[in-house]
Amino acid sequence: MAQEAPDPYAETVDKITNETLSPIPIDSETINVLSAGSALKSKNMQPKVLNFMFLWVESTAVGEHSLSWEVQAATSGVYSVTAEILGKYATIELLCNGEKRNVKVQSEDWSRLDLGSVQLKKGSNTIELAIQSKETIKISALELTRPSVAQGIMDEALSVRQDPDWFKDAGYGLMFQWTNRATPKEGDSIKDWEKKINDFDVQEFVDMVEETGAAYVIWSITWGQQYISAPIASLDKLIEGRTTKRDLLGEMADQLYAKNIKLIFYYHYGYDCYHSTDPEWLNHAGGYEADKSRLYKNVNDIIAEVGNRYGDKLNGWFFDGGQRYYDSRFDGTQEGVLSASFKEMSQAARKGNEERVLTYNSWILPRVTEYQDYYSGEGLQQFENLDEGSFVDGKHKGLMAHTCFPLEERWGHIDFNTPIKKSKYSVEELRGYVKNAQRNRYPLSINLEMYEDGSVSSESLKLLKELRKVVR
């Protein structure tokens, strides 16, 4: 069941990291992500594994540390090297083919640090980081990219980046994690998927959204498991019983559009996580294969079909689990593509509407790609010193600011016989957050828990109606 803690298949170090170097093929025409999980590590550098996923390696003591990768280059060439890194009071020596580069690390937050460049020769090369640290240092990955390729990717990504006023000046919207896993307030069973969708009252939902004053809705079309409330052929061809005859998403899109309320779809590809697993889907989709190419193609097919289906009534996407696209070897595998093609995924996401806003949630880590428009902002945050709603520096530089947070206890109601908890925030607190957001031109996405029947907490709804009065 969704609310039960699964038995983690990859929560132990020995199952997610390697003890020998596996050669990593380098593609001269893209960004090559070298996972720190694929590196040979000194004994005082240990992997951090959480939520079925390798996150980073971190030092367990001060002093000397090392990481090394073996890479295979088809031709010789110069590559820029950056590191996803967190640490202060540390120095890094980058070594490759007799060359050395020294860089100081002085950051209390995650950043993408320029380590200089290396000359790769045709064939096998070893890249090593020799580290001296006075405090804990964490490294998630290295990126190797030819400078001209990196500039081309940046130019192309910026050429399609969106910066709409409707998003920056929204003030606030609502977010819902209501899927097949949603549970009733009372009782210990969940309805059949088709019946759950047929029983959902879209008109009542849209009227409720309008009453709160929300400028947009972020609606989860999947969360933890791959079930979509619409007839999506690209999902049906992979696995049966995961779509519905009723196009609930379409009805929702139509009615929100009629009220000029924007719609963003949240998408979770169904990867194993602490609150849910979906092995049947992942086996069909290619999620458990060492090479994630087939998985990424299937994901792209699904989001492209969804995008084409709803056209200009769908205004954006929120892709969760960004690190699982960025580091394809998060599960300890040592084969296949190093990373998803964010260019291809973003193109798929904009099928039917080239003006959709996109984000890939990288949690506390640096952004995973330039092919996105706004910061996912998981967890309530406040921002100032923005440039017309966008970050002017740091790991989110150039992206529109945004934050999303649960109003109550959890992101979704997935427990049995449990009422939705009281709001964590008062009207005055929410008013302060929204006013700050309006001054600085970024939106807040307020997440509401929702019961299986589509209803929300009456107390939370009353709170949001009051918020509308003092803000709108």
Could you tell me whether the side chains of Glu58 and Thr136 share a donor-acceptor contact shorter than 3.5 Å?
no

Under the salt bridge (charged side-chain N to carboxylate O under 4.0 Å, His left out) test against Glu452, which residue among Lys196, Lys195, Lys185 passes?
Lys196

Roughly how far, to the nearest 0.5 Å, is CG of Leu158 from OH of Tyr371?
9.5 Å

With a 6.0 Å cut-off on ring centres, are Tyr325 and Tyr269 close enough?
yes

Regarding Ser445 and His402, is there a side-chain donor-to-acceptor distance under 3.5 Å anywhere?
yes

Can you tell me which residue among Tyr375, Tyr266, Phe342 is in a ring-ring contact (aromatic ring centres under 6.0 Å, His included) with Tyr360?
Phe342

Decide if atom CD of Glu211 counts as having more than 12 heavy atoms of other residues, nucleotides or ligands within a radius under 6.0 Å.
yes

May I ask you to decide if the ring planes of Tyr227 and Trp193 are parallel, tilted or perpendicular, using 30° and 60° as cut-offs?
perpendicular

Distance col, row Glu408:CD vs Ile420:CD1, nearest 0.5 angstrom, shows 5.5 Å

With distance as the sole test, does Asp192 use its side chain to make a donor-acceptor pair with the main-chain N or O of Glu194 at under 3.5 Å?
yes

Answer yes when Arg324 and Asp331 have at least one side-chain N-carboxylate O distance shorter than 4.0 Å, and no when they do not.
no

Can you label the angle between the Trp219 ring and the Trp178 ring as parallel, tilted or perpendicular, going by 30° and 60°?
tilted

In this structure, CD1 of Ile446 is separated from CE of Met175 (nearest 0.5 Å) by 12.0 Å

Stacked cation flag Arg472 on Tyr172, 6.0 angstrom / 45 deg
yes

With Glu370, which of Lys343, Lys397, Arg112, Arg161 fulfils salt bridge (charged side-chain N to carboxylate O under 4.0 Å, His left out)?
Arg161

With the threshold set at 4.0 Å, does a side-chain nitrogen-carboxylate oxygen contact exist between Glu251 and Arg246?
yes

Euclidean distance, Lys395 NZ relative to Ile364 CD1, rounded to 0.5 Å
6.5 Å

Would the distance check show the side chain of Trp223 and the main-chain N or O of Gln177 forming a donor-acceptor pair, the cut-off being under 3.5 Å?
no

State whether the side chain of Ser457 and the backbone N or O of Glu459 hold a donor-acceptor pair below 3.5 Å, judged by distance alone.
yes

Distance check, rounded to the nearest 0.5 Å: Glu429 atom CD versus Ser423 atom OG?
8.0 Å

May I ask you to say whether Asp165 pairs ionically with Arg441, meaning some side-chain N is under 4.0 Å from a carboxylate O?
yes

Using only atom types and a distance under 3.5 Å, with no angle test, would you say the side chain of Ser59 pairs donor to acceptor with the backbone of Ile137?
yes

Show, in sequence, the C-alpha distance, side-chain angles and deciding distance for Tyr271 and Phe330, and conclude whether the ring-ring contact (aromatic ring centres under 6.0 Å, His included) test is met.
CA-CA 11 Å; Tyr271 51 77; Phe330 67 85; 7.7 Å; no

Is the side chain of Arg356 donor-acceptor paired with the backbone N or O of Gly307 at a distance under 3.5 Å, no angle test?
yes

Counting N and O atoms only, with roles assigned by atom type, does the side chain of Thr403 sit under 3.5 Å from a partner on the main chain of Gly377, one being a donor and the other an acceptor?
yes

Pair Tyr442-Glu384, side-chain donor/acceptor within less than 3.5 Å
no

Please check this pair: side chain of Arg181 against backbone of Ile414, looking for a donor-acceptor N/O pair closer than 3.5 Å.
no

Report, as yes or no, whether the 6.0 Å neighbourhood of atom NZ on Lys422 holds more than 12 heavy atoms from other residues, nucleotides or ligands.
no

Using side chain to side chain donor-acceptor pair (under 3.5 Å) as the criterion, point out the one residue from Ser140, Ser362, Ser35 that pairs with Gln323.
Ser140

Looking only at atom types and distance, does a side-chain atom of His413 sit under 3.5 Å from a main-chain N or O of Thr418, one as donor and one as acceptor?
yes

Atom pair CH2/CD of Trp56 and Glu84 - distance to nearest 0.5 Å:
10.5 Å

Check the side chains of Glu305 and Ser234 for a donor-acceptor pair under 3.5 angstrom, ignoring hydrogens and angles.
yes

